[in-house]
Trainee: 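Have a look at this one before I ask anything.
Here, residue 1 is the first one in the sequence, and each next residue gets the next number.
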Amino acid sequence: MSDSTQKAVSEGGAYEVLKSRLSQQGQKLQSLTHSFNQQRQQVFGGQELKLVGKTNVQTDARCIPIDMAQVNQQLLFGYQVHVGMKSIPALEDVFGLYQLHESDGTFRVELVSLEGSFLQDSRFFHEFTELFTYYRDARLSQISRQESILYVAFQIGMRVEDRKVFRFQINANSIEYLDSDGHTSLTRTAQHDFEWISTTREDHVLGNHPHVSIADKLFVECVGGDLTIKVEDNTEDGKGIYSEEVEDHHQSVADAHIQYAFIGDLILLKIRPNRERQDRHFIYNPLNQKVVRADALSVSGKSLPEDHGILYSHGFVLSNGEHKQFDMPWQNLQFFQKVVSPNGEDILYFFFNMLEGYYVSFTYNMIEKQFAAPMENHGFSLYPDGRMLVFQLSENAEASTIHPLRVWDTPFSTTEH
């Protein structure tokens with residue numbers, strides 16, 4: 001064996017030993033961090049998302065639950081019910097008010113009369129009746145509370161945008177009907193909190209394999225029959241860390257429309273190769289030089305605090321190298337609401353499918369830097385003490401008189417509580 005070969009073997013062995021030691025140190029540090037965080041929570045307080053009970057909402061008629069919201073410690077429950085020969089449904093055919101009770105860890109919900117409730121406001125009742133007079137096929141599609149505003153939405157047409165949204169102002173001891181013009185304010189939530197930057201001809205780098213420079217940190221090309229992402233400014237070699245086929249194999253470097261955005265160290269790409277109708281979206285992490293295809297960014301994308309990463313409707317990429325994508329439909333899932341715990345350590349993100357009327361929620365912990373498994377549900381209600389009632393999503397929703405709810409303890413209590 002030559003001296004150079006022995007040296008290579010020796011250095012290779014030293015590299016493996018060093019790599020193993022660093023891996024062990026990393027695992028030990030992670031374990032210590034987790035243990036320290038648990039002790040910190042015991043001393044200063046902290047709460048994990050935990051299932052603490054189950055209960056049922058019982059209705060007189062067989063119906064399909066639609067959504068719910070907590071309103072001044074009462075639960076407003078909405079459902080879709082067949083009203084027979086009635087031309088206009090009664091309030092009781094669509095809504096139910098309930099009170100949550102707990103005794104020794106056992107939960108139950110008790111029906112409360114609508115008599116004298118905010119739903120019997122004369123102006124609301126008039127517009128509710130008028131709604132079904134003009135739109136006989138109108139149906140409840142969403143009940144949502146955002147801070148001190150309660151939204152009650154009805155679908156009145158075939159398009160997702162065809163909705164009538166009633167608004168109520170929630171005060172400390174009363175609830176006041178506002179109007180039926182809440183559609184804009186309910187759906188105006190920004191879907192992206194970053195701006196796409198378009199590349200220009202000044203970013204083109206010519207050569208045998210020309211590409212487009214992304215702020216000299218990443219390089220993209222759609223020539224030669226494929227879309228290639230490179231980490232080296234090398235136009236002599238067409239190889240990269242990621243590639244996939246494009247439809248037009250004969251396009252030039254100037255034909256593709258390429259945009260980008262930065263989330264901390266992460267680089268987001270929005271690419272439309274020549275003659276293609278849909279944008280392709282990618283997330284690049286320089287820490288591990290991995291590229292994730294994430295077309296759900298076309299609908300929404302929310303950056304995590306302190307440059308921890310990015311969340312989209314069915315997955316995430318963290319700056320520490322972790323990423324995950326869940327097998328679920330994403331085309332109609334839009335970002336809906338964010339709730340932050342009083343200490344700022346936990347964040348709850350809700351996405352909503354307006355077409356099918358269900359939510360997907362993600363809980364992120366800033367200390368552990370990790371997400372809990374996403375939760376799909378057909379309605380949720382947060383109480384001031386952090387308890388959350390959830391109606392689980394059913395794949396084959398059928399009309400019933402018994403509707404199971406789950407009760408969770410969460411860190412998302414109100415600041416006042």
Trainee: Any pair with a residue in residues 167-183 that passes salt bridge (charged side-chain N to carboxylate O under 4.0 Å, His left out), sequence neighbours left out, goes on the list, sorted by first then second residue, please.
Mentor: Arg167-Asp179
Trainee: Within this structure, what is the CZ-CD1 distance for the pair Arg139 and Ile156, rounded to the nearest 0.5 Å?
Mentor: 11.5 Å
Trainee: Angle between ring planes, Phe154 versus Phe95, binned at 30° and 60°: parallel, tilted or perpendicular?
Mentor: perpendicular
Trainee: Going by the angle between their ring planes, with limits at 30° and 60°, are Phe326 and Phe362 parallel, tilted or perpendicular?
Mentor: tilted
Trainee: Is the closest side-chain heavy-atom distance between Leu76 and Leu119 below 4.5 Å?
Mentor: yes
Trainee: Tell me which pairs pass salt bridge (charged side-chain N to carboxylate O under 4.0 Å, His left out) where either residue lies in residues 289-311, with sequence neighbours left out.
Mentor: Glu244-Arg293, Arg293-Asp295
Trainee: Considering only heavy atoms from C-beta outward, does the side chain of Gln337 approach that of Gln146 to under 4.5 Å?
Mentor: yes
Trainee: Does the Lys NZ or Arg CZ of Lys164 fall within the cation-pi geometry relative to Tyr134 - under 6.0 Å from the ring centre and within 45° of the axis?
Mentor: no
Trainee: Tell me, do Lys324 and Phe371 make a side-chain contact under 4.5 Å, heavy atoms counted?
Mentor: no
Trainee: With side-chain hydrogen bond (donor to acceptor under 3.5 Å, both in side chains) as the rule and sequence neighbours excluded, what pairs involving residues 313-323 come up?
Mentor: none
Trainee: Side chains of Tyr284 and Val220: does their closest heavy-atom pair fall under 4.5 Å?
Mentor: no
Trainee: Can you check whether Tyr364 reaches Leu318 side chain to side chain, under 4.5 Å on heavy atoms?
Mentor: yes
Trainee: Would the distance check show the side chain of Gln70 and the main-chain N or O of Ser381 forming a donor-acceptor pair, the cut-off being under 3.5 Å?
Mentor: no
Trainee: Walk me through whether Phe166 and Phe168 qualify under ring pair (Phe, Tyr, Trp, His ring centres under 6.0 Å).
Mentor: CA-CA 7 Å; Phe166 300 99; Phe168 295 83; 7.6 Å; no
Trainee: Checking side-chain polar atoms at under 3.5 Å, does Tyr312 have a donor or acceptor matched by the opposite partner on Gln325?
Mentor: yes
Trainee: Verify, without hydrogens or angle tests, whether Gln370 (side chain) and Ala372 (backbone) share a donor-acceptor contact under 3.5 angstrom.
Mentor: no
Trainee: Please output the side-chain donor-acceptor pairs of residues 199-206 that fall under 3.5 Å, not counting sequence neighbours, one pair per line with the distance.
Mentor:
from   : atom 1 : to     : atom 2 : distance (Å)
Thr199 : OG1    : Ile258 : O      : 2.9
Thr200 : OG1    : Glu202 : N      : 3.3
Asp203 : OD2    : Thr200 : N      : 2.8

Trainee: Please check if any side-chain donor atom of Glu236 sits under 3.5 Å from a side-chain acceptor atom of Asn208, or the reverse.
Mentor: yes
Trainee: Checking His209 against Glu221 for the side-chain hydrogen bond (donor to acceptor under 3.5 Å, both in side chains) test, could you report, in this order, the C-alpha distance in whole Å, the side-chain angles of both residues, the deciding distance, and whether it holds?
Mentor: CA-CA 8 Å; His209 298 275; Glu221 52 96 337; 5.1 Å; no
Trainee: Using the test side-chain contact (heavy atoms from CB on, under 4.5 Å), find all partners of Ser174 that sit at least two apart in sequence or belong to another chain.
Mentor: Asn171
Trainee: Is there a side-chain contact between Leu348 and Thr410 (heavy atoms, below 4.5 Å)?
Mentor: no
Trainee: Look at the rings of Trp196 and Phe194 and say which category their plane angle falls in: under 30° parallel, 30 to 60° tilted, over 60° perpendicular.
Mentor: perpendicular
Trainee: A side-chain contact here means heavy atoms from C-beta on lying under 4.5 Å apart; do Leu218 and Tyr260 qualify?
Mentor: no
Trainee: Which residue in the set Phe391, Tyr349, Phe380 passes ring-ring contact (aromatic ring centres under 6.0 Å, His included) when paired with Tyr359?
Mentor: Phe380
Trainee: Just by distance, no angles: are the side chains of Ser298 and Asp279 close enough, under 3.5 Å, to form a donor-acceptor pair?
Mentor: no
Trainee: What's the spacing between Leu266 CG and Leu269 CG if we round to 0.5 Å?
Mentor: 11.0 Å
Trainee: Go through Glu247 and Arg275 one step at a time and tell me if the side-chain contact (heavy atoms from CB on, under 4.5 Å) criterion holds.
Mentor: CA-CA 8 Å; Glu247 295 177 10; Arg275 297 183 180 178; 5.7 Å; no
Trainee: Please identify each residue that fulfils salt bridge (Lys or Arg N to Asp or Glu O under 4.0 Å) with Arg387, with sequence neighbours left out.
Mentor: Glu102, Asp385
